[in-house]
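Computed over heavy atoms, backbone and side chain alike; hydrogens, waters and symmetry mates excluded. So that the names make sense, note that chain A is the first sequence line, chain B the second, and so on, each numbered from 1. Everything quoted here is computed from the prediction, not taken from an experiment.
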2 protein chains.
Amino acid sequence: MAADTKHRILESTSELFRRHGYAGTGLKQIVAAADAPFGSIYHHFPGGKQQLCEEVILSAGRMYFDLVHAIFAAAPDPVSGTRNAFLGAAAVLEATDYVDACPIETVALEVASSDDLLRRACAEVFEEWIVGAGAIFREAGVPEAEARVLAISLINALEGAFVLARTLRSPEPLEAAAATMTNAVTAALPGA
Amino acid sequence: MAADTKHRILESTSELFRRHGYAGTGLKQIVAAADAPFGSIYHHFPGGKQQLCEEVILSAGRMYFDLVHAIFAAAPDPVSGTRNAFLGAAAVLEATDYVDACPIETVALEVASSDDLLRRACAEVFEEWIVGAGAIFREAGVPEAEARVLAISLINALEGAFVLARTLRSPEPLEAAAATMTNAVTAALPGA
DNA sequence: GTCTATAGAAGGATAGAC
DNA sequence: GTCTATCCTTCTATAGAC
């Protein structure tokens, strides 16, 4: 099944990029992990490693967007949603030996100053997240401009906490982010 | 001058790691940029790329610590210091075409799950920053536990904003972090 | 003791066998 | 059209010339 092979390659690549980054992951490792022949990469991704990476960024970015969106949708209010998002991320990180954090963060930093096509793909993903999170806060009554600042700060805190948590191998940064950001969201809501 | 050559190698490596990361930077690029013969690397760093990277992480980490410490020392109060740190970082980032952000962030993510020696070096640096920032807040009257949470959140925000700012090529994430974190610091100070 | 030349492995990419 | 075998470059690391 060609479509199945392509899917397995995307999955393996996403997984390997999380652990070793873009430059640190070889195409040979990817096909080995996906249990696919080497030629499959260039059959499904004629643009080579760059195209494969672009598709991984966009699909992983959307999956993560849906995940966070579901957490906020399941929560009774944005303050609870914020807390659940950070504490849920802390639990996943601990359970996966500090591997399973943001799927595109390492790649985003690697390509920011060296590959403009991939940088733009990451930018598209982050902008989608900002707009999505901003909409949640706006619907809760936060004014437009403030909602965007809050949304960006939420993602700032999440991405930054991932760097510290993975490096320190501790949930403490995500817990600190949960505390600080629930305060910020609380202060921004109309009732405050 | 052997000592001079070692210094040039450390400088070039730090610069190249910022742009291309650990895996994306070759030792040949490093000696070319440092205008040094290839053998110099293994003369000054018998442990090879890993040892070179470790020294870069520790020295760059301490330089960045001193920089941020100086910004807070020059500010009249921690709230101004927080604002100056984020807006100053935004200015530097714009002036350097979005290259000159945190010197160890990309490497920290690359090695977090693949090289425990280097992960520990990054962890040592981050922990120093947390303790240093915590001391500033504690001296301003914030209780011990809250000061540490605030310090971690400050670094969370800075690191996260660097990821978004470099990817989006915009100072907006650092400006949003400045707004949110000055609020958080203000709320934590005794006068609030 | 400084540096060059090269080894040996792994990288991305491709040509062509089947 | 699927996959294997190979190409050429680049990587880290080392051996040995001077």
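By the 6.0 Å contact criterion, CZ on R169(B) is enclosed, its count of non-hydrogen atoms from other residues, nucleotides or ligands being greater than 12.
In this structure, Y42(B) and F38(B) have tilted ring planes: the angle between them lies in the 30° to 60° band. Aromatic ring orientation, W129(A) versus Y64(A): tilted (interplanar angle from 30° to 60°).
The CG atom of L52(B) sits 10 Å away from the P atom of dA13(D) (whole-angstrom rounding). Distance, H20(B) NE2 to dT10(D) C1': 15 Å, rounded to whole Å. Atom pair K6(A):NZ and dC3(D):P shows a separation of 16 Å (rounding to whole Å applied). Straight-line distance from the CD1 atom of I9(B) to the C1' atom of dT2(C): 12 Å, rounded to whole Å. Taking atom NZ on K49(B) and atom P on dT10(D), their separation rounds to 15 Å, with Å as the unit. Protein atom NE2 of H43(A) is 17 Å distant from nucleotide atom C1' of dA13(C), rounded to whole Å. Following rounding to the nearest Å, F45(B) (CZ) and dA13(D) (P) show an atom-to-atom distance of 13 Å. For the pair F38(B) CZ and dA17(D) P, the computed distance is 19 Å after rounding to whole Å.
No side-chain donor-acceptor contact under 3.5 Å links E54(A) and Q50(A). Between the side chains of R166(A) and S113(B), a donor-acceptor pair is found at a separation under 3.5 Å.
Side-chain atoms of T25(B) and T13(B), non-hydrogen and from C-beta on, never get closer than 4.5 Å to each other.
Within residues 28-36 of chain A, the residues having any heavy atom closer than 4.0 Å to DNA chain C are, in order of number, K28(A), Q29(A).
Here dT12(D) is the nucleotide among dT2(C), dT12(D), dT4(D) with the atom lying nearest to any side-chain atom of Y42(B).
Nucleotides of DNA chain C nearest to G24(A) and G39(A) differ in position, and the one nearer the 5' end is that of G24(A).
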